[in-house]
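Chain naming here is simple, since letters A, B, ... match the order of the sequence lines and numbering starts at 1 in each.
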Amino acid sequence: MWEQIYAVIQKVPAGYVATYGQIAALAGLPGYARQVGYALNALPENSLVPWHRVVNAKGKISIRSGGSAADLRQRARLEAEGVEFDAQGRIPLEHFQWRPERSFNGNPGQIDLGSQ
DNA sequence: CCACTGACGAGTG
DNA sequence: GCACTCGCCAGTG
């Protein structure tokens with residue numbers, strides 16, 4: 001089951017992020033947002049899954065371990081991939097949320113920075 | 001088997 | 001926009 005979730009997450013291109021609900025829906029598991037989080041929680045740190053590209057609906061890193069190395073690492077990785085955070089520590093989903101329809105060919109296209 | 005918990009989300013006040 | 005509640009399903013004790 002988680003494999004389906006992991007598969008979707010691995011489809012998220014660098015420089016973009018997806019929400020838990022979005023991942024669940026794309027995995028064919030609508031309403032399983034919590035399970036997605038649960039699945040990521042169970043992921044080993046050395047996993048090949050880009051779990052750092054998954055944030056909650058507010059565009060915020062949801063790790064409850066707040067302040068722990070985990071969320072800092074996630075943010076650092078995202079910034080390294082070109083994702084920006086606002087002063088509130090959130091990601092402007094308007095500009096960085098992954099749009100499968102738009103990247104149907106597996107090519108996400110260019111990130112429209114400068115729009116903000 | 002029952003109850004509680006959890007990297008969440010949508011709805012309501 | 002923020003705080004609170006209910007619903008979600010799987011794991012764990």
Residues forming a salt bridge (charged side-chain N to carboxylate O under 4.0 Å, His left out) with Arg73(A), sequence neighbours excluded: Glu45(A)

query: Which residues satisfy the side-chain hydrogen bond (donor to acceptor under 3.5 Å, both in side chains) test with Gln74(A), sequence neighbours excluded?
result: none

query: Within this structure, what is the CD1-to-C1' distance between Ile9(A) and dC8(B), rounded to whole angstrom?
result: 13 Å

- request: Round to the nearest Å and state the distance from Leu29(A) atom CG to dG7(C) atom P.
  value: 21 Å

task: Please report, rounded to the nearest Å, how far the P atom of dC9(C) is from the CD1 atom of Ile23(A).
output: 19 Å

field: Partners passing side-chain hydrogen bond (donor to acceptor under 3.5 Å, both in side chains) against Gln35(A) (at least two apart in sequence or in another chain)
entry: none

query: Just how far, in rounded Å, is P of dG9(B) from NZ of Lys60(A)?
result: 13 Å

Residue-level proximity of residues 34-44 of chain A to DNA chain B when a heavy atom falls under 4.0 Å: Arg34(A), Gln35(A), Gly37(A), Leu40(A), Asn41(A)

statement: Between CD of Gln4(A) and C1' of dC9(C) the distance, given in whole Å, is 16 Å

task: Apply side-chain hydrogen bond (donor to acceptor under 3.5 Å, both in side chains) to Arg75(A) and list each qualifying residue two or more places apart in sequence or on a separate chain.
output: Glu79(A)

query: Under 3.5 Å, is there a donor-acceptor pair linking the side chains of Glu84(A) and His95(A)?
result: no

- request: For residues 3-15 of chain A, pull every pair meeting side chain to side chain donor-acceptor pair (under 3.5 Å), keeping only residues two or more places apart or in separate chains.
  value: none

statement: Heavy-atom nearest nucleotide on DNA chain C taken for Pro30(A) and for Gln88(A); more 5' hit belongs to Gln88(A)

field: Distance, rounded to the nearest Å, where Lys58(A) contributes NZ and dA3(C) contributes P
entry: 10 Å

query: Base, sugar-phosphate, or nothing: which does Tyr20(A) touch, judged by heavy atoms less than 4.0 Å apart?
result: base

- line: Winner on side-chain proximity to Ala57(A), out of dA10(C), dC8(B), dG9(B), is dG9(B)

